[in-house]
Amino acid sequence: MTAQHDRAQSAFGNVQDDATYKKALRSKQKFLRKFGDDTAVHYHLASADVPVISDALGVRNLVIADGDSPLDIKADAAAAPRPQATDRTVPGADGKPVIVGNIRMGFGHYRISMAMASAAHAMGYTPYWLDLASFKQSTGSKVIAYQNDLYSMGSRLSQKVGLFNKLYWEPLNSEGFRKLSYNSGDQKNAELCVPLFADIDKDTPYVGTHVWPAQAAIHAGMTHVVNAIPDNWPMALHLAEGAIHTVQTPSAYLGYHQLRGMDPKRQLNPMPEEALFYTGHYVDHELVQGIPADCKARRERVLGGGPVRYLLSVGGAGAQQELFVAIVSHLMPYIKRGEATLFVNVGDHEDVWKGMVKEVAALGQMAQCHFNDFASVAELASEAAGPDGNVTGIHAFCDKDIFSAVYSSNLLMRVSDVLVTKPSEFSFYPVPKLMIHRIGGHEAWGAIRSAEVGDGTYEMDDTSEVLAMIDSFQTDRKLIAFMCDRIEEANRMGVYDGAYKVIDLAVNGLDAKSAR
């Protein structure tokens, strides 16, 4: 899978025009001038514990080393505690390393990374966390942070200015990122992350949960790279030629195979068979294993007359606050009567929580806050588990540590009856979902997938429609039971087994059992 040509010039035999290629070169040069050239720098890495997920998932975090000793990742993995055997453990895994390359761009890509780490751990491997945005002194990390800030700003603005959303943000997220020409610039910019790979054994299995870490790994000469594509809308943004590409749905498979709509002026060569695989949804091992018990508990709770538990997950960009305020206000009478329970996770954005409390005074008065205390989150989730778990009122969650912030939702999902979410990566998770309006156009097909599987609603554009759905959940509890039935049905078909299959492909390549 090593680079044989400049991937900014062509993708799967589809040559970019000269203007596109020159624009890509200028983009890279612009960032070099802005953030400096560290091409000759040798970043030595070390492994370290990660809050929460080191204990839960056996994850080791790759960080800049204090000294000049190169990291021997195979020896480091051999010295790590051996993963506990599960029914998914692979003979011969023996704690061998698997790197999960990621960036924080919203919580979704971190969420996918945790799913991959969880699956690798359950299969008997040692997962290593490589966040390319975390090496603050490197040029590549500075570029990622710059682009992430722009994206977050655009997300927030799109929810406040309708004309901006209609004329720029939606088209950019659905059609702009879809164009093959967009991939050219990303390929050149990803080259700026190559110095971070100097210490890494090139044959180490590697999963990229965002295209930039996947592209960077290919440019660095990594030989076992899987590019785990998010969303359900084919976009050239997500192409990393040289990697094995995986998708979560059959429709995404067909769209990527044909590179559908990625160049409106010509019919593109399709992706080769060995470059693309349908795996199913990327879901954490704990959530997949818990499906039977969790769905059984939901049915018994909601059909038995207990309060319906809603988990409101607020995105890191803090967009859609007006809608969240409307949802909380609407739920208040149900909560006060003991007919609903509300969990609100604002991630690591306490300012978002303060903004909601300012709009809904009763929220601050009634909520029990579990802030910067993951142990209390785990304790609540444990108490809430099963049909007899009694949790009432409002519980708010916030943690300045991103790992705790993201993983809190993993625990809360299992003891919630309805997850209220935009059609983000949550679209693919095995929990009943109420789909609110998307933020980017690419997210629309996540809701379509969920609605067709039956484990979530269709996307609801209007606030009144969202509130009406909440009323229906309250008065017709069988709707939640219906979704639980669909989750169990999909689980029997292996729909939620995607993370295991991705790890298999990373370790074994085209010889994987996941291969066609």
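Please read these numbers as outputs of a predicted model, since none were measured by experiment. Counting begins at 1 with the first residue of the sequence.
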- Message: Is there a side-chain contact between Tyr43 and Ile64 in this structure, where contact means two heavy atoms from C-beta onward sitting under 4.5 Å apart?
- Response: yes
- Task: Check whether any side-chain heavy atom of Phe428 sits under 4.5 Å from a side-chain heavy atom of Thr249, and report yes or no.
- Result: yes
- Of all pairs that satisfy salt bridge (Lys or Arg N to Asp or Glu O under 4.0 Å), the ones with a partner from residues 180-197, not counting sequence neighbours: Asp6-Lys188, Lys28-Glu191, Lys188-Glu191
- Show the numbers, then the answer: is there a side chain to side chain contact (heavy atoms under 4.5 Å, CB included) between Met262 and Lys179? CA-CA 4 Å; Met262 296 184 188; Lys179 294 178 181 177; over 6 Å; no
- Note on the structure: For Asp455 and Ser450 the tightest heavy-atom approach is OD1-OG, 2.8 Å
- Query: Do the side chains of Asn372 and Cys398 get nearer than 4.5 Å, heavy atoms only?
  - Reply: no
- Item | Verdict with reasoning, Val59 to Tyr128, per side chain to side chain contact (heavy atoms under 4.5 Å, CB included) | CA-CA 6 Å; Val59 173; Tyr128 281 79; over 6 Å; no
- Query: Just by distance, with hydrogens left out, do Gln84 and His121 show a side-chain donor and acceptor under 3.5 Å apart?
  - Reply: no
- What residues form a ring pair (Phe, Tyr, Trp, His ring centres under 6.0 Å) with Tyr282, not counting sequence neighbours? none
- Item | For Asn232 against Ser251, the heavy-atom pair lying closest together | OD1-OG, 3.4 Å
- Item | Sidechain-backbone polar pair: Asp72 side chain, Ala75 backbone, donor-acceptor under 3.5 Å | yes
- Message: Between His370 and Ala375 (side chain of the first, backbone of the second, donor and acceptor by atom type, cut-off under 3.5 Å), is there such a pair?
- Response: no
- Please identify each residue that fulfils side chain to side chain donor-acceptor pair (under 3.5 Å) with Thr279, with sequence neighbours left out. none
- Side chains of Tyr125 and Pro97: does their closest heavy-atom pair fall under 4.5 Å? no
- Residues Gly58 and Pro127: closest non-hydrogen pair is O-CD, 3.6 Å
- Using the test ring pair (Phe, Tyr, Trp, His ring centres under 6.0 Å), find all partners of His257 that sit at least two apart in sequence or belong to another chain. none
- Sorted by chain and number, sequence neighbours left out, ring pair (Phe, Tyr, Trp, His ring centres under 6.0 Å) with His238 holds for none
- Return yes if some donor-acceptor pair links the side-chain N/O of Tyr500 with the main-chain N/O of Ala120 below 3.5 Å, else return no. no
- Note on the structure: Residue set satisfying side-chain contact (heavy atoms from CB on, under 4.5 Å) with Thr86, at least two apart, ordered chain then number -> Arg88, Thr89, Ala122, His285
- Message: Walk me through whether Gln16 and Ser10 qualify under side chain to side chain contact (heavy atoms under 4.5 Å, CB included).
- Response: CA-CA 5 Å; Gln16 305 276 16; Ser10 69; 5.6 Å; no
- Task: Walk me through it: do Asp37 and Thr139 pass the test side chain to side chain contact (heavy atoms under 4.5 Å, CB included)?
- Result: CA-CA 7 Å; Asp37 187 349; Thr139 298; 5.8 Å; no
- Can you check whether Thr126 reaches Val98 side chain to side chain, under 4.5 Å on heavy atoms? no
- Task: Measure from the side-chain N and O atoms of Ser138 to the backbone N and O of Ser141, and report whether any donor-acceptor pair falls under 3.5 Å.
- Result: yes
- Kindly state each residue pair satisfying side-chain hydrogen bond (donor to acceptor under 3.5 Å, both in side chains) with at least one member in residues 48-58, sequence neighbours excluded. Asp49-Arg60
- Query: Distance only, no hydrogens: is a donor on one side chain within 3.5 Å (strictly under) of an acceptor on the other, for Gln248 and Glu425?
  - Reply: yes
- Message: Looking at Asp66, I want to see if its CG is surrounded by more than 12 non-hydrogen atoms of other residues, nucleotides or ligands under 6.0 Å.
- Response: no
- Message: Does Asp87 have more than 12 heavy atoms from other residues, nucleotides or ligands lying within 6.0 Å of its CG?
- Response: yes
- Of the non-hydrogen atoms in His109 and Ile103, which two are nearest, and what is the gap between them? CB-O, 3.6 Å
- Hey, are the side chains of Pro51 and Phe403 touching, using non-hydrogen atoms and a 4.5 Å cut-off? yes
- Message: In this structure, is the centre-to-centre distance between the rings of Tyr496 and His281 below 6.0 Å?
- Response: yes
- Item | Side-chain (Ser382) to main-chain (Ala378) donor-acceptor, under 3.5 angstrom | no
- For the residue pair Leu268 and Leu180, establish whether any side-chain heavy-atom pair is separated by less than 4.5 Å. yes
- His210 (side chain) donor-acceptor with Trp212 (main chain) under 3.5 angstrom: yes
- Write out all pairs satisfying salt bridge (Lys or Arg N to Asp or Glu O under 4.0 Å) with one or both partners inside residues 200-214, taking only residues at least two apart or from two chains. Lys74-Asp201
- Item | Residues that Asn102 engages under side-chain contact (heavy atoms from CB on, under 4.5 Å), provided they are two or more places apart | Val100, Tyr110, Ser113, Trp129, Asp131, Thr209
- Will you find, in the side chains of His42 and Asp199, an N or O donor that is under 3.5 Å from an N or O acceptor? yes
- Message: Other residues, nucleotides and ligands only: do more than 12 of their heavy atoms fall within 6.0 Å of CD on Glu452?
- Response: no
- Message: So, using salt bridge (charged side-chain N to carboxylate O under 4.0 Å, His left out) as the criterion, who are the partners of Asp401 when residues are at least two apart?
- Response: none
- Item | Asn61, Leu196, Leu62 screened by side-chain contact (heavy atoms from CB on, under 4.5 Å) with Leu130, the one that passes | Leu62
- Asn410 meets the side-chain contact (heavy atoms from CB on, under 4.5 Å) criterion, sequence neighbours left out, with Arg111, Asp284, Leu287, Tyr407, Met413
- Might you work through the ring-ring contact (aromatic ring centres under 6.0 Å, His included) test for Phe31 and Tyr146, ending with a clear yes or no? CA-CA 10 Å; Phe31 285 128; Tyr146 174 79; 5.8 Å; yes
- Between the side chains of Ser184 and Ser181, does any donor sit under 3.5 Å from an acceptor? no
- Note on the structure: Residues passing the ring pair (Phe, Tyr, Trp, His ring centres under 6.0 Å) test with Phe135, sequence neighbours excluded, are none
- Any side-chain donor-acceptor pair under 3.5 Å between Ser27 and Asn189? yes
- Task: Check whether any side-chain N or O of Ser408 sits under 3.5 Å from a backbone N or O of Ser404 as a donor-acceptor pair, and report yes or no.
- Result: yes
- Item | Asp294/Arg414 salt bridge by N-O under 4.0 Å criterion | yes
- Query: Where is the tightest heavy-atom contact between Asn183 and Leu239, given as atom of each residue plus distance?
  - Reply: ND2-O, 2.8 Å
- Message: Do Leu510 and Ile244 make a side-chain contact, defined as non-hydrogen atoms from C-beta onward lying under 4.5 Å apart?
- Response: yes
- Message: Using only atom types and a distance under 3.5 Å, with no angle test, would you say the side chain of His245 pairs donor to acceptor with the backbone of Ala240?
- Response: yes
- Query: Parallel under 30°, tilted from 30 to 60°, perpendicular over 60°: which one fits the rings of Phe426 and Tyr429?
  - Reply: perpendicular
- Kindly give the heavy-atom pair with the smallest separation between Tyr206 and Gly101, and that separation in Å. OH-CA, 3.6 Å
